[in-house]
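Written below as structure tokens is the structure these notes are about.
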Protein chains: 2
Amino acid sequence: MTFSLDDLAGPGPLPDQDARTRVLETAYRLFYRYGLRATGIDRIIAESGVAKMSFYRHFPSKQALIDAYLDLRHVRWMAWLEGRLAGLTSRDWLAALPDALDDWFGAPGFRGCAFINGHAEAGPDAPAMTVTHKRELAARIEQQCADAGLARPAEVAADLLLALEGAIVRAQMDGADVARGALHRLFARTLSAAGGERAWRSPER
Amino acid sequence: MTFSLDDLAGPGPLPDQDARTRVLETAYRLFYRYGLRATGIDRIIAESGVAKMSFYRHFPSKQALIDAYLDLRHVRWMAWLEGRLAGLTSRDWLAALPDALDDWFGAPGFRGCAFINGHAEAGPDAPAMTVTHKRELAARIEQQCADAGLARPAEVAADLLLALEGAIVRAQMDGADVARGALHRLFARTLSAAGGERAWRSPER
DNA sequence: ATGTTGACAGACAGACCTGTCTTGTTCAAG
DNA sequence: CTTGAACAAGACAGGTCTGTCTGTCAACAT
């Protein structure tokens with residue numbers, strides 16, 4: 001199962017889902033848009049049309065809801081990325097990563113990375129998922145580097161991830177346009193340095 | 001006037017400064033460490049040993065204090081950077097940027113970029129200084145690229161800034177070590193591609 | 001000597017926060 | 001039909017938030 005950018009943004013009007021789903025989807029939308037601390041339980045309850053006790057039956061605390069939100073965000077984001085790059089060889093997968101990110105940056109409602117933002121807000125005692133998400137993404141990129149036969153796949157993956165994070169922050173603060181070119185150039189340069197003989201070309205799009 | 005990393009962290013125990021200074025320095029420390037929303041006015045007032053009315057005489061609202069904090073942070077951070085790289089030629093200045101950042105990442109109490117964090121917390125209506133800071137830093141880097149005679153200084157500066165932002169976020173979330181190598185490699189690769197004939201060597205340190 | 005200014009201390013209002021509890025309704029399984 | 005689970009609506013408690021207000025005191029200028 002894959003996700004489109006719309007799925008990543010979360011469903012719009014909530015149909016006749018059970019209370020837990022409505023709460024989680026509402027939190028998904030509000031937490032990402034307004035931040036964790038700025039979004040109160042009361043608002044989530046009101047907008048999801050759920051009783052307060054129904055909320056506390058499914059989530060023992062706000063922190064538990066935040067954890068569930070980050071888990072869901074991680075699953076959807078990774079699924080979106082895999083779907084966006086499905087069917088590509090590992091070399092093309094890596095080369096197309098900047099294009100996928102561009103799509104995300106330009107999507108309506110884009111407000112940066114939920115895990116970077118959450119970590120920035122919560123500080124050192126941030127939910128573990130903020131760091132876990134980045135580790136899993138790094139592992140995925142490293143795997144593709146190894147599959148592509150690149151030398152020092154761990155180093156290449158670290159370089160690509162760092163560029164990727166920088167692009168997310170730049171796009172969030174200054175707009176998608178300023179991030180696009182720099183991200184593409186850094187990727188091309190890194191892959192070219194790591195790829196050895198064969199040149200990297202931009203697939204599709 | 002320049003600032004050391006200690007100055008960047010703010011003064012420790014507050015001497016016999018006037019009320020406004022004590023409030024601002026306390027806010028400087030607490031806002032950076034715990035975030036803007038997590039830091040209440042009451043705590044700032046208590047820790048700065050100031051009456052509430054004295055606070056509101058100098059700052060009409062919490063938002064005004066946040067703005068003043070970001071202004072001060074911008075001035076100190078830029079002054080720290082200039083002091084850290086003072087006396088270098090523009091080529092060496094650019095090549096030494098990753099080393100300066102490393103020093104910052106390893107400093108006690110490092111918790112990422114106050115402007116990235118502030119923007120992540122405040123969302124679209126974030127204080128203008130969060131974006132202004134990045135623009136001024138980009139302009140400074142671009143100027144050094146131009147002085148160094150690099151082709152397409154704006155593009156090179158955008159690439160370096162993106163790598164720099166990525167390194168800040170990586171260091172904040174996963175530790176200074178994971179950011180160090182990748183930042184150095186991306187800088188070396190970018191400067192080498194832009195520098196043309198002459199090779200880039202790491203100055204000093 | 002007297003008025004002014006700045007600051008400290010703390011009460012207070014009104015809003016919002018998380019989390020608990022009560023009451024009544026719907027619906028489905030036994 | 002009864003029983004119990006899930007749910008809606010909302011009062012409530014206890015805390016915290018920003019911002020206002022009243023007093024009191026010391027330094028200082030006139």
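Chain letters run A, B, ... following the sequence lines, proteins first and then strands; every chain starts at 1.
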Under 6.0 Å from the six-membered ring centre of A:Y28 and within 45° of its axis: does the NZ or CZ of A:R76 meet both? yes

Counting only pairs under 3.5 Å, give me each side-chain donor-acceptor contact of residues 157-165 of chain B, with atom names and distances, residues two or more places apart or in other chains.
unit_1	atom_1	unit_2	atom_2	d
B:D159	OD1	A:R185	NE	3.1
B:D159	OD1	A:R185	NH2	2.8
B:D159	OD2	A:R185	NE	3.1
B:D159	OD2	A:R189	NH1	3.4
B:D159	OD2	A:R189	NH2	2.9
B:E165	OE1	B:K134	NZ	2.8

Nucleotide range of DNA chain D contacted by chain B, 5' to 3', under 4.0 Å to a heavy atom? D:dT18 to D:dT22

Whole angstrom is fine here: how far is it from CZ in B:R22 over to P in C:dG6? 15 Å

Distance-only side-chain donor-acceptor flag, B:D99 / B:H184, under 3.5 Å: yes

Is a side-chain N or O of A:Y32 found less than 3.5 angstrom from the main chain of A:G112, in a donor-acceptor match? yes

Protein-nucleotides 16-20 of chain C N/O pairs closer than 3.5 Å?
unit_1	atom_1	unit_2	atom_2	d
C:dT18	OP1	A:K62	NZ	2.8
C:dT18	OP2	A:I41	N	2.5
C:dG19	OP2	A:Y56	OH	3.3
C:dG19	OP2	A:K62	N	2.9
C:dG19	N7	A:K52	NZ	3.1
C:dG19	O6	A:K52	NZ	2.5

Of all heavy-atom pairs between A:A120 and B:N117, which one has the smallest distance, and what is that distance? CB-OD1, 3.3 Å

Give me the ring orientation class for B:H74 and B:H133: parallel if the planes are under 30° apart, tilted from 30 to 60°, perpendicular past 60°. perpendicular

B:D177: partners by side chain to side chain contact (heavy atoms under 4.5 Å, CB included), with sequence neighbours left out: B:R180

Axis bend over the full length of the helix from C:dA1-D:dT30 to C:dG30-D:dC1, computed from five pairs that close each end, to 10 degrees: 10°

Output side-chain donor-acceptor pairs under 3.5 Å for residues 33-42 of chain B, partner residues at least two apart or in another chain, one line each.
unit_1	atom_1	unit_2	atom_2	d
B:T39	OG1	B:L30	O	3.3
B:T39	OG1	B:G35	O	2.8
B:D42	OD1	B:K52	NZ	2.9

Keeping the roles fixed (side chain from A:Q144, backbone from A:S90), state whether a donor-acceptor pair exists under 3.5 Å. no

Angle class for the B:W104/B:F110 ring planes (parallel below 30°, perpendicular above 60°, tilted otherwise)? perpendicular

